[in-house]
K.L.:
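Submitted below is the structure of interest, expressed as structure tokens.
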Amino acid sequence: MPDENVDFKATYSGAQYSTGMGLVYVFNLIVGTGALTMPSAFKEAGWLISLITIAVLGLVSYITVTFMTEAMAIANAKLKTDAKEQSEDNCNEDQIGSVSEEFPLLQNKGSNVQLFEITQRIEMSKMADMFFNRVGIILFNLCIIIYLFGDLSIYAVAVPKSLRDVVCTYAGINNSCNETVGDNDPCWEGVNLSRDNAYRVFVAAFLILLGPFVFFNVQKTKYLQLLTTLARWLAFGMMIVLTIIQLAEGKGQGHPAVASVSGIPNLFGVCVYSFMCHHSLPSLITPIRNKARLSTVLAADYTLILVFYALLSFTGIFTFTKIEDLYTLNFQPNECGRQAVTTVKFIEYFLALFPVFTLSTSFPIIAITLRNNLQAMLSGPTTHPLISRLLLPLLAVIPSTIVAIITNRVDFLVGITGSYAGVGIQYAIPACLVLLARRHIDELLIKGGVQLHRSPFSHVFWVYLVLVWAILCVVFVTINHIINGS
């Protein structure tokens, strides 16, 4: 029989960490692939409108993060009260006509305070099952799957493109440094292989090398995560320092526009994608030991991220005349010396190959996550083993590979993923979760709970404002994509 007096502070069995470490983990989760496409998006939209847009989208993203933490707290309280009631029912069945002192009908005051504490890791999918109806669950699963498809497509483009641009050495007719080398130009002098076809060869190699992992269960080790994190911050630090040096020496050649309306849709998608962390919040927040100032910590995190994105993007757009869609390509080895910001070969090759190292380690994990989501949505109790073992893994990696073969525009893929699936995960789902979860508040408070982790934006006005914002953003982006023919 379940123990009524279980200490819910200890229900999370994984390793716990301090609030400061939690801040670092959330920061590392948010700052990822999207940051590499942000300077290009800033360049296209103009520096002033980009600054305003990223500030607004960062604020809205923070609001929905507080919605997620409130929904997680309510979900924890609901699970605890359900477990208590089940325990009492079992007790009553075993001891008919008597009341056991071991299972009091009312908890003590200390337990009531902990009712809303986030002590059990409840993933977004579990909360969807708890609070959404059948239609809502289907829409939730579709949104997650589409987002993961987009994520894999971005990775399947970024890695081969980085490899192609490092390996291909053709610099134009007679090795002229004044030419712009395009996708249809040769990869090497005197070799009948275009850069575009070389890119497709790398896409195929990427699929062959990393695709098989989706058929197994694989997890990143602690040391691999540490190595990836160190490599990422070394790369970002190098890019920022190198561009600051260029600007301090008066060598900056960038003259970005103040505002360009045509670049806003892509900027919007990139910014939404770059602030994404909501689907992983339960795994990051639950292990934090002291959650008393959770909203303040998250606000500090978002402020730091906003400053970092602005620093990375502004130093880039004022340094380079042209910003590549994958920012690391601006630092690639350049035999012609076109606006080279460093002559140190290690730095050139490290930055150029940075996406290859970091994204390759994440691709199998995301592919397996997508496979599991497809299985949860499409599979049933009578599903043939070949479907779950062969078909679903192939569905997880083949479509993203096809997308990568069709286009090598990382900025376009990030913009589309962020503009649609990203809006659903970052705006619509957290708003709907907290709205429906709050319907259980009165019942839980009556049972003795003290509400913790309530969003600073607790008025229902903010929930509906986010939902209206999400709809308007999708409509605006769609119209602009149609007008621009992209």
Side-chain angles (χ1 to χ4, degrees), residues 5-31 58-84 107-128 130-131 225 275-305 425-426 429-431 433-438 440-441 444-445 447-459 462-463:
N5 298 312
V6 62
D7 180 7
F8 285 111
K9 288 184 179 180
T11 55
Y12 179 75
S13 58
Q16 293 187 310
Y17 41 74
S18 65
T19 305
M21 283 305 300
L23 185 148
V24 172
Y25 286 152
V26 173
F27 191 98
N28 284 342
L29 174 69
I30 295 178
V31 179
L59 174 61
V60 178
S61 181
Y62 170 69
I63 292 173
T64 54
V65 161
T66 65
F67 288 169
M68 278 293 298
T69 56
E70 181 178 340
M72 288 162 56
I74 296 173
N76 267 263
K78 191 173 187 309
L79 285 182
K80 292 169 188 176
T81 55
D82 289 347
K84 177 180 181 297
Q107 295 177 313
N108 58 51
K109 184 176 179 180
S111 297
N112 291 342
V113 172
Q114 295 302 323
L115 190 63
F116 283 85
E117 187 57 270
I118 303 173
T119 53
Q120 300 182 64
R121 187 178 68 190
I122 305 175
E123 301 291 350
M124 187 181 274
S125 58
K126 176 64 176 177
M127 286 189 281
M130 292 175 64
F131 302 126
Q225 292 183 47
F275 280 113
M276 183 68 69
C277 69
H278 302 61
H279 55 308
S280 298
L281 275 180
S283 299
L284 296 178
I285 287 179
T286 306
I288 297 176
R289 280 190 294 269
N290 182 6
K291 305 181 184 70
R293 302 175 61 190
L294 196 55
S295 295
T296 303
V297 169
L298 291 172
D301 237 345
Y302 265 79
T303 302
L304 288 173
I305 291 166
I425 295 174
Q426 191 169 163
I429 292 175
L433 279 175
V434 77
L435 184 65
L436 296 175
R438 285 174 181 172
H440 301 271
I441 283 290
L444 294 171
L445 293 178
K447 294 180 180 179
V450 177
Q451 187 177 2
L452 301 175
H453 308 300
R454 189 177 184 181
S455 169
F457 310 92
S458 57
H459 197 282
W462 292 103
V463 177

K.L.:
Quick check: do Y302 and I30 have side-chain heavy atoms less than 4.5 Å from each other?
P.N.:
yes
K.L.:
Find the distance between CG (L23) and CG (L284) and round it off to the nearest 0.5 Å.
P.N.:
11.0 Å
K.L.:
Taking the ring centre of each residue, are F131 and H440 less than 6.0 Å apart?
P.N.:
yes
K.L.:
What's the spacing between T69 OG1 and L298 CG if we round to 0.5 Å?
P.N.:
6.5 Å
K.L.:
Is it the case that Q426 and T64 place a side-chain donor and acceptor less than 3.5 Å from each other?
P.N.:
no
K.L.:
Going from CE on M68 to SG on C277, what distance comes out if it is rounded to the nearest 0.5 angstrom?
P.N.:
8.5 Å
K.L.:
Could you grab the distance from atom CG of L433 to atom CZ of F67, nearest 0.5 Å is fine?
P.N.:
11.0 Å
K.L.:
Over all heavy atoms of both residues, which pair between P287 and P282 is shortest? Give the atoms and the distance, please.
P.N.:
CD-O, 4.3 Å
K.L.:
For M127 and A75, work out which heavy atoms get closest and say how close.
P.N.:
CG-CB, 4.0 Å
K.L.:
Within the structure provided, determine whether T19 and R289 are in side-chain contact (heavy-atom separation under 4.5 Å).
P.N.:
no
K.L.:
What closest approach, in Å, do P430 and H278 show between heavy atoms, and which atom pair accounts for it?
P.N.:
CG-CD2, 3.9 Å
K.L.:
May I ask you to decide if the ring planes of Y62 and F457 are parallel, tilted or perpendicular, using 30° and 60° as cut-offs?
P.N.:
perpendicular
K.L.:
Which heavy-atom pair separates Q120 from T286 by the least distance, and what is that distance?
P.N.:
C-CG2, 3.8 Å
K.L.:
Looking just at side-chain N and O atoms, do H453 and E117 make a donor-acceptor pair shorter than 3.5 Å?
P.N.:
yes
K.L.:
What are the two closest non-hydrogen atoms of T81 and K78, and how far apart are they?
P.N.:
OG1-O, 2.9 Å
K.L.:
Regarding T119 and K80, is there a side-chain donor-to-acceptor distance under 3.5 Å anywhere?
P.N.:
yes
K.L.:
How far does CD1 of I122 sit from CD1 of I74, to the nearest 0.5 angstrom?
P.N.:
11.0 Å
K.L.:
Roughly how far, to the nearest 0.5 Å, is OG1 of T66 from CG of L281?
P.N.:
10.5 Å
